[in-house]
Amino acid sequence: MKRTSILAATLAAGLTLSACGGDSDPLDDSGEESGSSSSDTITIGSASFPENVLLMEIYAAALSDAGVDVETRGNIGQRETYIAGLDDGSIDMIPEYTGALTLYLNADAEATDPDGVYAELQDALPENLTVLEPSAAEDKDSIVVTAETASEYDLTAIGDLEPVAGELVLGGPPEFEERFTGVPGLNEVYGLEFSAFRPLAAGSNLTAQSLANGQIDVANIFSTDPSISENDFVVLDDPDALFVAQNIVPLVTTDAVNDEITTTLNGVSAELDTAILTELLAQVVVGGEAPEDVAREFVDSIG
Amino acid sequence: MISSVFDWLSTPANWEGDRGIISQTLTHLEYSLIALVCAALIAVPMGLYIGHTGRGRVVAVSIAGGFRAIPSLGVLFIAVLLLLPRLRGELAFALPSLIVLVILAIPPILSGVYAGIAEVDPAARDAAKGMGMTGSQVLWQVEVPNALPLMFSGMRSAMLQIIATATIAAVVGLGGLGRFLIDGQATRDYDEMAGGALLVAALALLVDFVFGLVQRFVVSPGLTKTA
């Protein structure tokens with residue numbers, strides 16, 4: 001066991017190092033550029049997935065309406081990379097998720113409910129970074145069933161599955177079977193014992209497809225996945241907060257933040273919820289629209 | 001690294017049960033053999049026909065070459081997405097995986113059979129005809145026995161590729177040795193990943209050894225001596 005963890009740590013360190021090496025150059029270059037340009041310009045970054053790019057564009061559209069000079073720098077890779085970008089000043093702000101960011105900064109964080117996670121996040125933030133008000137919108141692990149299954153067994157919360165779980169097949173990414181916020185947690189927190197678990201490749205829509213077609217009855221899907229609205233899936237409530245809250249929140253450097261930015265983005269966050277974000281994301285991912293157009297439309301609609 | 005992989009391989013608990021090494025190896029072999037039989041049912045008659053008549057060589061060569069260029073993982077996803085809404089239960093995942101493996105196995109079998117038949121010594125074929133053998137007698141009594149070494153090498157290379165590639169069935173949630181690779185990666189259990197990879201290699205070598213033994217008994221000793 002000890003050997004295993006040493007090996008894993010060595011490999012993980014190797015991967016992290018190589019990831020930094022590969023991605024650090026573009027960031028260094030941009031750091032010098034933005035350093036030499038006007039310091040009033042706010043550079044907003046995003047991680048490399050569509051939802052984060054969309055959120056970046058929403059922040060950018062709202063801020064430029066408020067008269068702030070904005071630049072965007074999308075698709076900066078993983079958290080390790082863009083946090084380094086915030087530290088060296090090549091970006092000033094990025095859309096983040098409370099739970100994931102808290103665990104990144106403090107691996108011992110324990111809270112799973114939105115308020116508790118947000119409080120732990122504020123404690124864990126280094127001095128040069130701050131977060132604004134969190135939005136109700138969340139992109140987190142959720143347990144999803146089809147509308148038919150939900151009405152057949154009268155399901156609204158995860159716990160409602162308890163009497164029928166033995167007849168149902170659960171599907172999700174392979175790691176869902178092992179990690180606590182997965183099969184073991186569903187068993188411990190909600191007493192669910194599914195008849196089988198079918199591991200399906202993550203990052204594809206196989207899980208959603210399999211749920212829609214009945215190969216699995218219950219699925220682990222992210223709460224903003226466009227397949228949810230496309231197929232009328234029902235997201236089951238998680239009253240005991242097994243899955244860590246992942247409220248969307250702007251992460252800003254303390255150097256860049258000011259009242260204008262705070263008021264504007266708190267306004268945007270207040271208007272966003274998971275359903276709206278899912279819908280906007282579907283326009284990008286399914287409808288093929290440009291994220292900046294979808295963002296512009298949304299910002300105009302909230303005035 | 002090597003010793004911790006060995007620890008994983010030598011832990012009895014990893015070998016037992018529904019998800020254990022023995023059960024997954026048997027599942028892996030089952031998929032592989034079904035795929036080999038299906039591919040052989042398609043490729044052997046085609047190869048025999050083309051080799052015997054000499055017709056359709058261009059088709060055979062292009063099929064063999066073209067199929068080799070098809071990316072397995074891509075076919076798997078397309079097949080799953082197309083078939084998932086049309087099939088019930090386990091079959092919706094099993095059939096796409098099988099299609100991928102069959103496509104993979106057709107080229108080596110087809111080229112082995114076709115080349116084996118085509119390269120039979122023309123003198124032997126002429127002699128058989130001169131003795132008054134019919135076309136099908138020439139095929140079954142002269143050409144096929146003479147072509148067996150090349151046919152076997154086609155089968156063996158197909159089986160090696162199938163066993164290595166059957167790991168991708170795990171991507172769509174099926175069993176087999178690929179489970180250890182996929183699950184190991186998902187849970188960052190690198191011992192499990194490396195152990196699974198070693199098992200795939202070991203299984204491939206073992207099956208090839210068995211095929212080699214069969215080949216020894218089936219192929220005429222006269223051919224083996226000259227080869």
Side-chain angles (χ1 to χ4, degrees), chain A residues 1-16 19 107 141 146 167-185 194-220 227 230-231 286, chain B residues 1-11 13-14 18-19 24 72-74 76-97 167-176 178-196:
Chain A
M1 196 57 220
K2 198 176 167 195
R3 277 194 200 134
T4 314
S5 50
I6 291 170
L7 168 74
T10 318
L11 276 170
L15 288 172
T16 315
D141 273 315
T146 59
E167 301 156 35
L168 303 176
V169 176
L170 173 69
E175 66 271 22
F176 197 71
E177 192 175 14
E178 302 286 333
R179 66 173 190 220
F180 181 75
T181 54
V183 174
F194 288 98
S195 74
F197 175 79
R198 177 176 285 281
L200 292 157
S204 67
N205 63 349
L206 265 181
T207 309
Q209 288 269 341
S210 310
L211 181 63
N213 298 316
Q215 272 85 20
I216 57 176
D217 309 298
V218 181
N220 163 235
S227 67
E230 240 179 301
N231 298 290
V286 183
Chain B
M1 166 109 204
I2 289 166
S3 72
S4 63
V5 173
F6 185 75
D7 282 349
W8 183 82
L9 284 171
S10 57
T11 305
N14 290 334
D18 281 1
R19 319 282 303 268
Q24 300 290 32
S72 297
L73 200 55
L76 180 66
F77 275 98
I78 292 171
V80 167
L81 293 181
L82 288 178
L83 293 173
L84 209 51
R86 294 175 179 80
L87 294 172
R88 296 270 105 210
E90 195 83 349
L91 192 63
F93 297 106
L95 192 62
S97 311
T167 48
I168 65 171
V171 173
V172 292
L174 292 176
R179 277 263 63 85
F180 300 123
L181 306 184
I182 303 274
D183 295 350
Q185 191 202 12
T187 56
R188 303 196 175 194
D189 185 340
Y190 299 111
D191 296 338
E192 184 180 344
M193 268 179 96

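Lettering of chains follows the sequences in order, A, B, ..., and the numbering in each one begins at 1.
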Over 12 foreign heavy atoms within 6.0 Å of CZ, Phe6(B):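 Counting neighbours around CZ of Phe6(B), 12 or fewer heavy atoms of other residues, nucleotides or ligands fall under 6.0 Å, so no.
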If you count heavy-atom pairs under 4.5 Å with chain B, which of Glu178(A), Arg179(A), Glu177(A) comes out on top?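 Going by pairs under 4.5 Å, I would pick Glu177(A).
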Is chain A contacted by the side chain of Arg179(B), its backbone, both, or neither, given a heavy-atom distance below 4.5 Å?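 Contact with chain A involves the side chain of Arg179(B) alone.
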Please examine the side chains of Pro174(A) and Gln185(B), heavy atoms only from C-beta on, and report whether any two atoms are closer than 4.5 Å.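 No, every pair of side-chain atoms sits at 4.5 Å or beyond.
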Under 4.5 Å between any side-chain heavy atoms of Ile182(B) and Glu175(A), yes or no?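 No. Closest side-chain heavy atoms not under 4.5 Å.
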What closest approach, in Å, do Val172(B) and Arg198(A) show between heavy atoms, and which atom pair accounts for it?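 The answer is O-NH1, 3.7 Å.
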Determine yes or no for a side-chain-to-main-chain donor-acceptor pair under 3.5 angstrom, with Gln215(A) supplying the side chain and Leu87(B) the backbone.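 Present.
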Taking only residues two or more places apart in sequence, or in another chain, which ones meet Asp217(A) in a salt bridge (Lys or Arg N to Asp or Glu O under 4.0 Å)?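 Asp217(A) satisfies salt bridge (Lys or Arg N to Asp or Glu O under 4.0 Å) with no residue once adjacent residues are dropped.
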Name all residues meeting the ring-ring contact (aromatic ring centres under 6.0 Å, His included) criterion together with Phe180(B); count only those two or more places apart in sequence or in a different chain, and write none if there are none.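 For Phe180(B), the residues satisfying ring-ring contact (aromatic ring centres under 6.0 Å, His included) (neighbours in sequence not counted) are Trp8(B).
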